[in-house]
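As structure tokens, the structure follows; a few thoughts come after it.
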Amino acid sequence: MAKQRIVTLTTDFTTTGPYAAAMKGVILAGAPGVTIVDITHDVPPGNILAGAFTLAHAIRFFPPGTVHCVVIDPTVGSDRRILAARYGGQVVIFPDNGVITVVDQTMPLEAIHVLRDERHFQSRTHSRTFHGRDVIAPAAASAVGGTAVEKFGPPPETFKLLELPEPRRGEDGELMGEVLYVDGFGNLISNVPADLLPKVFDGVGDLMVTCGGNDVGQIVAAYTFADDGAPVALINSMTMLEVAINGGSAAAEFGLGVGAEVVVRPSAGRMNR
Amino acid sequence: MAKQRIVTLTTDFTTTGPYAAAMKGVILAGAPGVTIVDITHDVPPGNILAGAFTLAHAIRFFPPGTVHCVVIDPTVGSDRRILAARYGGQVVIFPDNGVITVVDQTMPLEAIHVLRDERHFQSRTHSRTFHGRDVIAPAAASAVGGTAVEKFGPPPETFKLLELPEPRRGEDGELMGEVLYVDGFGNLISNVPADLLPKVFDGVGDLMVTCGGNDVGQIVAAYTFADDGAPVALINSMTMLEVAINGGSAAAEFGLGVGAEVVVRPSAGRMNR
Amino acid sequence: MAKQRIVTLTTDFTTTGPYAAAMKGVILAGAPGVTIVDITHDVPPGNILAGAFTLAHAIRFFPPGTVHCVVIDPTVGSDRRILAARYGGQVVIFPDNGVITVVDQTMPLEAIHVLRDERHFQSRTHSRTFHGRDVIAPAAASAVGGTAVEKFGPPPETFKLLELPEPRRGEDGELMGEVLYVDGFGNLISNVPADLLPKVFDGVGDLMVTCGGNDVGQIVAAYTFADDGAPVALINSMTMLEVAINGGSAAAEFGLGVGAEVVVRPSAGRMNR
């Protein structure tokens with residue numbers, strides 16, 4: 001079987017308008033027969049953190065050699081650079097604005113280079129406002145065709161990473177985290193990884209969660225263990241602590257979003273022991 | 001030409017977030033070169049009937065051998081089973097919650113089995129909240145690679161089907177149906193199949209339709225036979241009776257949705273004959 | 001390498017519901033192994049101008065031989081014809097309602113024919129309301145399989161084109177255009193092409209733009225040259241004059257849409273020279 005060649009797109013273009021399709025045309029013209037996969041085009045406009053989070057939790061499931069284009073790029077046309085990096089055998093091409101942060105935290109960086117040598121990403125069109133089409137898509141076609149990221153240009157001295165909030169201990173021994181991401185169901189995904197809980201507390205089963213002052217109850221195994229319409233805390237499919245409403249939207253119900261406080265405490269019974 | 005291998009996805013994930021893309025990564029890693037088609041990711045969250053309806057009216061157009069993944073799965077993590085069925089030469093992998101109902105009514109069931117033998121759907125990740133990624137996607141990769149549904153596990157004793165309302169005769173001889181599905185245009189699609197009308201009435205041309213008490217007029221051949229902005233009743237592309245607004249949304253205009261009453265009567269002139 | 005075969009879809013179906021997927025099933029059944037690309041399914045319902053605009057600014061990036069299906073078709077079921085045209089080596093299959101207008105203005109027409117010879121687009125299903133599935137998709141499968149558009153039927157005597165507004169000179173020498181299209185970011189894209197500006201004015205750098213009476217300032221090179229939240233005028237990636245809000249939605253902020261007036265004047269300093 002011929003080697004499978006995959007290019008993905010993560011953008012804030014929405015699915016209206018010609019922008020995502022223009023990139024696909026450029027990629028297919030430059031790399032005939034490639035498989036194109038939409039990660040999402042519905043990152044909130046210019047929301048680098050949401051893009052970083054979505055990208056990271058999708059790309060780790062793709063096979064080695066996959067090339068990922070990221071176009072959440074509010075400063076397009078400025079002197080911000082475009083980078084091509086290899087993480088765990090996959091390639092990501094992205095503006096140097098921090099959108100690589102969560103991938104960088106969770107996958108091994110093998111190489112990172114500035115897009116400079118235009119022989120490797122020649123474009124029919126040149127704009128100051130759509131480098132996704134005019135730079136990133138041609139570079140992706142090159143990369144999926146076998147051009148190593150090392151060929152694109154020199155390594156950067158540094159590259160931008162977002163400073164994400166870390167969970168911390170409160171005065172009474174509680175664990176204080178915050179919401180990093182809100183998904184399409186309105187689930188509130190915190191910055192508390194599952195494996196932190198047994199380190200901080202002596203066991204996990206009888207921990208109580210509050211979110212933005214709302215009582216969410218004990219951590220359970222799945223949404224369905226809460227009553228319909230009731231709040232629920234669980235370890236989600238990204239192995240992060242998540243606050244949800246079973247069958248509803250926690251974001252809408254609680255009126256909460258990114259930055260909302262998530263607190264984990266031993267349950268009262270346990271504190272009395 | 002190599003045999004074409006197709007996997008489709010029908011979910012309520014929305015197109016924000018990493019969930020649909022994570023499934024695609026798992027499928028492409030497990031079945032290199034496969035063609036992935038989105039049926040939709042915009043089923044209203046947890047709406048099993050809407051998922052059942054959308055699935056059935058899309059999959060009958062796909063070629064034999066296509067594998068369909070269905071992840072409208074509000075009780076993920078409970079003891080509800082995942083099933084793999086073969087209908088009309090195509091495979092559907094779905095949670096046993098009734099989402100197969102409309103396919104089961106409209107395509108011949110050839111085999112149905114419980115997903116049990118994990119050798120056929122091994123996953124790198126295991127969660128209690130995302131069986132779409134951790135069970136259904138790997139099973140789809142196996143199935144499209146040639147694993148027969150019979151290999152996945154034993155047949156279930158029974159499986160869940162929704163009880164959909166049937167059209168019935170009213171006291172004055174009218175036919176009383178109801179809205180089963182609202183599409184993206186706001187068209188109200190009823191449970192009245194076209195071929196029922198000539199059986200119930202003596203001909204179709206001069207039948208009058210009301211919907212939720214609103215007069216919709218005679219059944220016509222296409223939207224464009226109503227004035228712009230006027231209500232219209234027609235036999236739609238699924239050969240079901242549909243109530244629409246030409247150039248508008250009947251759902252919004254009438255404030256109606258699933259469950260709204262749709263009544264068909266002979267026209268007055270005809271009743272006088 | 002086998003010749004790459006691509007079929008695209010541009011519709012107003014939204015991504016809910018089975019309609020787009022039904023077309024994909026028909027195409028894959030008729031042309032196994034073809035690559036299907038969504039241009040968009042989010043054209044506002046029945047909005048022929050928005051469809052025309054999106055189509056034109058996407059398809060010019062696709063390789064020769066690509067087949068494009070257009071289903072913005074509010075008069076489906078009437079006697080409006082379906083046409084198949086070849087523009088610049090690519091094929092477009094579309095209802096004769098003006099949706100080809102912007103492609104026709106920007107790409108060379110090589111052939112145009114009425115879909116009449118049903119041997120070339122046989123369908124399993126026949127409806128009066130979904131020619132996208134029953135006519136256009138089977139025709140696309142034929143076309144991408146090698147059937148020349150000349151085989152589909154006779155050339156039309158004429159075909160429908162929208163009359164789009166042209167920019168004109170005002171009484172004081174200003175250039176008066178209007179908004180033709182609003183993209184997913186809420187950017188207001190005018191009918192003023194970049195290359196008109198140096199012809200009308202003596203240089204471009206110090207031109208001032210107003211939109212619907214709102215002062216937008218000088219034309220700059222990219223969004224990022226305006227303050228965050230400030231209005232900005234620029235030449236966009238389609239080489240058209242565009243009015244935007246840096247990091248926001250000009251459509252929402254100004255309450256403007258298609259038809260809003262866009263005026264370009266030399267800056268005051270320059271008028272005093």
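Bear in mind that the values here come from a model prediction, so they are computed numbers and not experimental data.
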Please flag which part of Arg124(C) lies under 4.5 Å from any non-hydrogen atom of chain B: side chain, backbone, both or neither. side chain
Can you check whether Leu234(B) reaches Arg128(C) side chain to side chain, under 4.5 Å on heavy atoms? no
Quick check on Ile189(B) against chain C: is it the side chain, the backbone, both or neither that has a heavy atom closer than 4.5 Å?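 Side chain only.
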What part of Asp38(B) gets within 4.5 angstrom of chain C, counting heavy atoms only: side chain, backbone, both, or neither?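 Backbone of Asp38(B) only, per the 4.5 Å heavy-atom cut-off to chain C.
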Do any of residues 133-143 of chain C have a heavy atom less than 4.5 Å from a heavy atom of chain B, and if so, which, in residue order? Arg133(C)
What parts of residues 12-19 of chain B touch chain C if we use heavy atoms and a cut-off under 4.5 Å? none
Can you name the residues of residues 52-60 of chain B that have some heavy atom under 4.5 Å away from a heavy atom in chain C? Thr54(B), His57(B), Ala58(B), Arg60(B)
Mind listing the closest non-hydrogen atom pair of [X] and [Y] along with its distance?
X         : Y         : result
Ile39(B)  : Ala21(C)  : CA-CB, 3.7 Å
Pro63(B)  : Gly25(C)  : CD-O, 4.2 Å
Thr129(C) : Ala221(B) : CG2-O, 4.0 Å

Is it the case that atom CD in Glu110(B) sees more than 12 heavy atoms from other parts of the structure closer than 6.0 Å? yes
Could you note down all residue pairs passing side chain to side chain donor-acceptor pair (under 3.5 Å) where residues 244-253 of chain B supplies at least one of them, sequence neighbours left out?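 Checked against side chain to side chain donor-acceptor pair (under 3.5 Å) - neighbours excluded - no pair reaches residues 244-253 of chain B.
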Look at Lys24(C), His41(C), Arg80(C), Met23(C) and state which one has the largest set of heavy-atom pairs under 4.5 Å with chain B.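 Looking at each of Lys24(C), His41(C), Arg80(C), Met23(C) in turn, Lys24(C) comes out on top.
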Can you tell me how far CZ of Phe62(B) sits from CG of Leu28(C), rounded to the nearest 0.5 angstrom? 6.0 Å
